[in-house]
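Sharing a structure below in structure tokens format, with a few things to ask.
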Number of protein chains: 2
Amino acid sequence: MSQENKGTLGKKHENPPSSDTSSLELPLELVEAVELMFFAYRDFVSDPDTILESHGFGRAHHRVLHFVGRRPGMSVSELLHILSITKQSLSRVLKDLIEEKYIIQETDEKDRRIKRLLLSAKGHELHRNLIDPQIRRFQDSLAKSEGGTLEKWQKFMLHLINMETKIDFMDDTGGDK
Amino acid sequence: MSQENKGTLGKKHENPPSSDTSSLELPLELVEAVELMFFAYRDFVSDPDTILESHGFGRAHHRVLHFVGRRPGMSVSELLHILSITKQSLSRVLKDLIEEKYIIQETDEKDRRIKRLLLSAKGHELHRNLIDPQIRRFQDSLAKSEGGTLEKWQKFMLHLINMETKIDFMDDTGGDK
DNA sequence: CAAATATGTCAGCCATGTTGACTTATTTTA
DNA sequence: TAAAATAAGTCAACATGGCTGACATATTTG
């Protein structure tokens with residue numbers, strides 16, 4: 001059942017031989033999957049986008065709030081590394097968040113060059129409001145996807161990401177596995 | 001097994017009661033899922049991004065190539081609708097693609113106001129080169145995700161998207177389901 | 001013939017990425 | 001201890017790809 005060709009979301013057409021014409025014919029269900037990735041991601045971030053707008057923030061601010069929330073006390077360079085952006089890009093949004101007291105900086109005691117980043121209460125609240133609709137979306141989808149487990153979805157998604165990223169994620173996630 | 005709390009990608013911590021503190025404690029595995037969505041999407045588009053760069057194109061060009069490739073003969077307004085962007089945004093990239101002969105315009109016979117969009121041979125080739133690494137990524141991930149099926153992943157992703165988007169996608173996909 | 005529709009274009013704004021050059025603290029190391 | 005390396009921050013300029021508003025043109029429809 002799981003290996004059959006049916007169920008690729010219900011196209012009218014029969015699947016093409018699906019054989020090893022690999023370099024000639026693309027497997028249609030995977031082309032569809034590419035598209036699903038695009039649509040799902042776009043809609044998945046649409047709710048937080050709306051909330052952010054009302055605060056004069058953008059997606060970049062969201063990412064910072066998210067990662068600082070997930071790894072309280074992380075340094076600026078750790079944040080840069082996980083986001084894979086330049087410090088000039090980061091600085092614009094980080095400055096906003098610090099000025100408006102969503103994020104607090106604490107100088108590290110041992111190494112006073114390092115600034116530890118933390119969410120303020122205000123920051124936690126916003127982060128919470130941003131992630132709530134996304135969590136709900138997952139829960140709804142999970143409820144509707146009988147047979148599918150979150151665990152399997154996670155495994156699949158994890159395999160899509162690059163090794164270096166995987167390290168960052170694991171880090172974030174606690175490490176083992 | 002599929003309902004247990006374990007396997008949320010291997011955090012060090014025990015899962016918090018996971019009870020109905022719903023409005024107080026976020027389900028950790030879903031917070032991780034949010035993050036996976038971010039990382040997976042970013043890495044998933046990274047290969048095409050590299051190819052695009054060598055052509056002087058961006059992600060926006062990729063999307064146009066993709067949808068025109070998937071729905072040959074679509075009109076400009078259909079494309080605008082599916083991309084959910086303004087015609088001014090589209091025009092910049094579409095102009096590039098037409099000038100450089102990746103996309104061909106044909107005036108509709110019945111209604112000469114409508115321009116039908118098509119990929120040229122050159123367009124097909126580029127599209128193919130862009131999607132190939134993504135297809136490969138899916139195939140690799142699928143191979144590594146024993147137990148998980150593409151079908152279930154698709155169902156889950158489909159449920160994440162908005163109703164209106166779902167209509168667009170189905171359209172694209174052939175309609176039924 | 002008037003109104004609606006499909007497309008295209010000009011001009012300017014905004015968010016968020018980039019590079020390169022430099023400063024200031026602070027810690028490490030030779 | 002003096003020099004080098006590291007962490008953070010800043011200024012300036014540039015690119016991409018969203019956006020709005022205002023219009024122009026061709027074509028079809030009522």
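Labels below follow one simple rule: chain letters A, B, ... track the order of the sequence lines, proteins then strands, and each chain is numbered from 1.
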Legend entry - B/Asp43 side chain near B/Arg137 side chain, heavy-atom distance below 4.5 Å: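 A side-chain contact exists here, since the closest heavy-atom pair is under 4.5 Å.
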
Inset, instruction - Inspect the contact between B/Lys95 and B/Glu99 and indicate whether a charged nitrogen and a carboxylate oxygen are less than 4.0 angstrom apart. - result: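 Result for this pair is no, no salt bridge flagged.
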
Legend entry - Cluster check A/Leu130, A/Phe57: I/L/V/M/F/W/Y, side chain < 4.5 angstrom: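 Same hydrophobic cluster.
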
Inset, instruction - With heavy atoms under 4.0 Å as the rule, sort A/Gln105 into base, sugar-phosphate or nothing. - result: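 Sugar-phosphate: the residue A/Gln105, judged by heavy atoms under 4.0 Å, touches backbone atoms but no base.
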
Legend entry - Electrostatic pair A/Asp140-A/Lys144, nearest N-O below 4.0 angstrom: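 No, A/Asp140 and A/Lys144 are not salt-bridged.
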
Legend entry - Length of the line joining A/Asp96:CG and D/dG9:C1', which is rounded to integer Å: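 To the nearest whole Å, that distance equals 15 Å.
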
Inset, instruction - Tell me, yes or no, whether the heavy-atom count around A/His55 atom NE2, taken from other residues, nucleotides or ligands under 6.0 Å, exceeds 12. - result: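 Counting other residues, nucleotides and ligands, NE2 of A/His55 exceeds 12 neighbours.
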
Inset, instruction - Provide, to the nearest angstrom, the distance between the CD1 atom belonging to A/Ile98 and the C1' atom belonging to D/dG9. - result: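 Taking atom C1' of D/dG9 as the reference, CD1 of A/Ile98 is at 10 Å.
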
Inset, instruction - Send over the distance from A/Lys95 NZ to D/dA8 P, rounded to a whole Å. - result: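 To the nearest whole Å, that distance equals 16 Å.
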
Legend entry - Student check: side-chain heavy atoms of A/Gln134 and A/Asp47 closer than 4.5 Å: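 Counting from C-beta outward, A/Gln134 and A/Asp47 never come under 4.5 Å.
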
Inset, instruction - Return the residues of residues 47-65 of chain A meeting this criterion: a heavy atom under 4.0 Å from some atom of DNA chain C. Order them by number, or give none. - result: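 By residue number: A/Gly58, A/Arg59, A/Ala60, A/His61, A/Arg63.
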
Inset, instruction - Kindly determine whether B/Phe38 and A/Phe67 satisfy ring pair (Phe, Tyr, Trp, His ring centres under 6.0 Å), including the steps that lead there. - result: CA-CA 11 Å; B/Phe38 166 70; A/Phe67 285 108; 5.7 Å; yes

Inset, instruction - Measure from NZ on A/Lys115 to P on C/dT24 and round the result to the nearest Å. - result: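 A/Lys115 atom NZ is separated from C/dT24 atom P by 14 Å.
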
Inset, instruction - Mind calculating the distance between CD1 (B/Ile114) and P (C/dA4) to the nearest angstrom? - result: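 After rounding, the gap between these two atoms is 18 Å.
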
Legend entry - B/Asp96 side chain to B/His61 side chain, donor-acceptor N/O pair below 3.5 angstrom: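 B/Asp96 vs B/His61: donor-acceptor pair found between side chains.
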
Inset, instruction - Quick one, give me the B/S/- string for nucleotides 19-30 of chain D, reading 5' to 3', where B means a protein heavy atom under 4.0 Å from the base and S means that only happens at the primed atoms, P, OP1 or OP2. - result: BBBB----BS--

Inset, instruction - Quickly work out the A/Leu94 CG to C/dT16 P distance and round it to whole Å. - result: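 To the nearest whole Å, that distance equals 13 Å.
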
Legend entry - Nearest-Å distance for atom pair CG/P, residues B/Leu80 and C/dT9: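 My rounded result for the distance is 13 Å.
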
Legend entry - Residue-phosphate contact under 4.0 Å: B/Ser77 side-chain N/O, C/dT7 OP1/OP2: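 B/Ser77 to C/dT7 OP1/OP2: side-chain N or O found under 4.0 Å.
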
Legend entry - Comparing B/Ser75 and A/Leu90 on DNA chain C - which has the more 5′ nearest nucleotide: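 The residue whose closest nucleotide sits nearer the 5' end is B/Ser75.
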
Inset, instruction - Please name the pair of heavy atoms, one in B/His66 and one in A/Val34, separated by the smallest distance, quoted to 0.1 Å. - result: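 Shortest heavy-atom separation between B/His66 and A/Val34 comes out as CE1-CG1, 4.3 Å.
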
